[in-house]
Structures are given as structure tokens and as C-alpha cells.
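In what follows, chains are A, B, ... by sequence order, proteins preceding strands, each numbered from 1. Below, each value reflects all heavy atoms present in this structure, side chains not excepted, and no hydrogens, waters or symmetry copies.
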Amino acid sequence: MNRITPEFSLITDWITPESHVLDLGCGDGTLLNHLKQTRNIRGYGMEIDPHKNVLALQNGVNVIQSNLDSEDLIHYFDPSSFDFVIMTQALQVVRRPDLLLKHMLTIGKQIIITFPNFGHWKMRAQLLLKGRMPETDTLPYRWYDTPNIHLCTFNDFEDLCEENNIEIVAKAVVNNQHKSNLGTRMLPNLLGEVALYKIQRKN
Amino acid sequence: MTDKLYVTPSTLHVSAPLKLVSGAELPQYDLVYETYGELNEDASNAVLICHALSGDHHVSGFYEEDNKPGWWDHYIGPGKPVDTNEFFVVCSNNLGSCRGSSGPTSLNPLSGKVYGPDFPIVTCRDWVNSQNTLRQHLGIDQWAAIIGGSMGGMQVMQWAIDYPDKLRHALVIAAAPKLSAQNIAFNEVARRAIMTDPDFHDGRFIEANTTPKGGLALARMLGHLTYLSDDMMGAKFGRELRSERLKYSFDVEFQVESYLRYQGEKFATKQNFDANTYLLMTKALDYFDPAAEFDNDLSAAFAKTQAAFLVVSFTSDWRFSPARSREIVRALLDNDRSVSYAEIESEHGHDAFLLPNAHYEGIFRAYMNRIKKDG
């Protein structure tokens, strides 16, 4: 199993004990397993990768092999089936992040989502000074082989929420060591590398 | 290579009558079964395997005189995903079969003659009821798991629905919640092939000292086709010819024709499968529809189940496609059941559930290890 990163700890803080949780792109099930141990949650993971499916099963997680680009969420779950739908670092790899968000908000009462910030100063600097697509520790791929096809900045994401009647309940920003500091709090879109958002439908 | 596991079948004779779903009654019956491994002290490590349409109780290991292992030997045995060093594995032959349990080739105790077409139509539920008698006989209060592929997977679901507290885990592999119109249509063509064979004699072919070989072979050829995928057949045979050039005749010309004829022939002669059994098994498949009693609501059908489920499908299986397995998963999720689902990438069609595959084996093993650990 992977280690519990500060990102996972922050998510854990946001999860109510005994709640019903769905983790999209659950990988080897580290987070769900941790939530089971520390928050006594019930829930499922969804994961497309065959090897990670096996690992998740080994880690005692109920995992549904599934493609987030398909209509699986709506096929499998009724509206408001979950207290929390979590998706860590996967928003940028799906074909239509806006539609997936909509589906997540349908089946979950609250959504917890994390993604890398394309507005971080290192990205801006590389594009500005080198005139090339940025490569960083958080986003180490070349432009042509990256799975990250829908990168956005924190500001972009918040615009999307605004346009789609989504309420931001809480947010946290961490750097690449997944730590929060004064800089990331003051200028998140410039200094934060990974964002965590807790969102829900506006009534 | 693990040690060769030698097995011999056992027979449970049940003298109490079995009331069948159809309303008919079997006055008495035999169930032939095999076991592997040891039942532990609190009888908590028992696993039941349910076989597919033409399968039998010989799921793993070898018979003394035979070089070919049981039909699911890839996955069941010492050190295998269903590890017989850990689990006490039981597999019984379904009623209506021709492999030892009471069926059309058995003697009807009332007439003293072979049952033939008089053997009553049996359903999945009847099989489960008879296996429940075997469970009691073996001193098992609750199965750690019941596992089955294809028709066997349907039997697993029937167990979970009918005897919710008698199993902790249900492994439903390459199955469907019911047959589609196309599935039933294929079965009907197979049955017509058998019943229109002049040697069928209204099912009394044993008394007439013959067998409807041609019809049975045709039925098997058709069935076999539905177990394979288009891609795999393309890769295996393509348009390869048996001789160098086209003969412009109705002889066997393409390799695929030869292969199918061989499969049909083998089934009807060498394997000596009984035509009445084939009819009965296809009918049992057609009738399987647990949602029917619940206003066609599969979720309602699963409402009383208690078992945790693992559902597995194979990408190129068009007989019981992944979409059919996802229906099962959806219904279980509706009930907040503990369920995991794997969709295995394979080019081998429906048959994939019997064949080696790293992902499939990984999933199977991981799940069985969880049962071992958590009980």
C-alpha cells in the first residue's frame, strides 16, 4: 500500500465518520483503506487499471473496475447515493471533466476533488521564458505523451464551479511536498501546486 | 509444478423425494461429487463450485487412469487461486446431467427403465435445493464461498437469493442475470437440431439402442461458436484452407469447418454426452430469471442476499457480455452489498473463464486470500 500523504490526511479530516464514500480512480485503495480504518466509512472504489484493481482487492477495498469516461457512474448509482464522492488527481485525465463533475454531484452529496495547479509559478515561468510546455515534478510528462489532457488552474476550476452553480464548501492548497504554508495560503494560484476542494450543489 | 492431485468421486444417495419447481417430484436421487482439501474443525473453509452447461463434478485434479485434469484445474488446486491447501472444495454434478448424478440416463426407480425424456425438467433452484442437502450431509453450516462460471454463476446467484445465510461470499463469473432473447434463440436452435434428428425417437433413443449423434453434434457446434470470439476465430483459423485450393464442393474446405465438426463429433461420440441432458440444461438456462418473481426488479431479487460478491466478466464474451455482469453489479450496489467487479481483457470469448489469464488470476487470488483472511 502507498503511504498516507498530507493530501490524504487533509481529505480524511473532511470525511464524516460512518459515512458512505465513493473514490473515483482509487488506485491501490490506500485512501479508502485509510478511511475505513480511521473514519469507519463504507464504500467503493472505482479504478480502470487492471493491476491496481488487484492491489485494491488485496488491500481489502471493494473495487469496481470502471472507466470514468463512460456513463458508469450514472449506470451504477442513484442520485445522492453517497455522502462523499472523492477524486484525487484524476480530473485532468478525463475526457470531459465538466460532465464527470456533474455526474459526481448527482450521485454524491459532497465532492472532494484534488488536482495539480497549472497556474503555479513554475508552469508560468517555463511557458513564459522557454516558450515550451512546462514539465515539473508534479507534472513530469512531455506534451505528446501526457495523460493530463485537461489541465487547469485554480482560477479556471473556480470559474467552472461558478458557471455550474457549484458551491465551494472548503478548499486547501498544498505545495509539491503536500504541505500548506503562508505562501500557498496568500497566493494559492501562483504558489500552490495541488488543490483540494470540497464542493456541493448550490440550492 | 505442484504435486499431481488424485481424486475419486463420491455419491450421495438421497431417498427423500425432491419437490421440483415445475411441480414434478423426484422420488429419490443420487448426487455425484468430488472434494479436495480438508474440512477444518469448525467447518468454516468449505467452498462449493458450480459447473457450466456441459460440465461435471470433476473440477480439479486427476483420475488415476486419466492424463487430463478437471475442467477448472487452472484455478483450483494446491497453491492455485482457490487453494485446496487452505479450502475444502466441493463440486457436485447437477441433477439432469449424464455424468453420474441422477439424470435422463439413470434408471427410473418407478419403472425400472432408463428415464430418457421422462426425467423431469429441472431448474437452477432445484439444483441449489439438492446441493443444500449435500451441504447438510457434509456437515457444513455455511459455505465460505460459492463459485461458478457461466451457468454455474447463475447457480451461485440462486444460492445467495434462496439461502442467504448459507454462504459468506458469492463469486459470479461470466454469467448473466437472465438469458436474452438471442441466448434463448441459440438454445432453441440447438434443441431443434437434437429433436429433429431421426435417431432421437422422442427422447427414447437409449431404448432404441441408438443416439441422435448428428443433432447433438450440431447443437454442440452452435454452442461452441457462441463460446468463442470473432477475433479469436480470426486469429486461430482465419480463412485458412485444409487443402491448397478451393474445391467448389460442400466438403470441409476451411479449417474452421473442420474444427467445429471435430468439436461436435467429439462431444457426441467420444465424450458420449446425452442428448436429453443437453435439452434439460439449455431449458434450465432459459428459465433462470430471479427477477421474474420480483416484478422484473433484479435489485429486489437481491434484497435478501447477505453474501459479499465478486463479479467477473470478459471483454470479448458476447454470450454473456460485460454489460450483463454490470446489470448484476448495479443490482447489488442498489442493495449496498459488498461487491467488487473486474472486467478482464481477453480475446477468448465466453471460454475465457476457464483459461489462464494474469489479470483474472490476480483478481481471483486476491479475493480468495481476502476470504481466507477475513473468513
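- The parts of R326(B) that come within reach of chain A are both its backbone and its side chain, each placing non-hydrogen atoms under 4.5 angstrom from that chain.
- Interface summary for chain B: among N62(A), D78(A), V54(A), the most heavy-atom pairs under 4.5 angstrom belong to N62(A).
- In terms of heavy-atom pairs under 4.5 angstrom with chain A, the leader among F364(B), Y341(B), Y367(B), F309(B) is Y341(B).
- Interface remark: Y76(A) contributes backbone and side-chain atoms alike to the contact with chain B (heavy atom separation under 4.5 Å).
- Taking a cutoff of 4.0 Å between a charged side-chain nitrogen and a carboxylate oxygen, E361(B) and K80(B) do not qualify as a salt bridge.
- Taking 4.0 Å as the cut-off between side-chain N and carboxylate O, K166(B) and D141(B) count as a salt-bridged pair.
- Between R330(B) and D334(B) a salt bridge is recorded (basic side-chain N to carboxylate O distance below 4.0 Å).
- Interface remark: D72(A) contributes side-chain atoms only to the contact with chain B (heavy atom separation under 4.5 Å).
- When the candidates A366(B), A308(B), A342(B) are compared by the number of heavy-atom contacts under 4.5 Å with chain A, A366(B) comes out ahead.
- There is no side-chain donor-acceptor pair under 3.5 Å between H20(A) and D83(A).
- The aromatic ring centroids of F302(B) and F294(B) lie 6.0 Å or more from each other.
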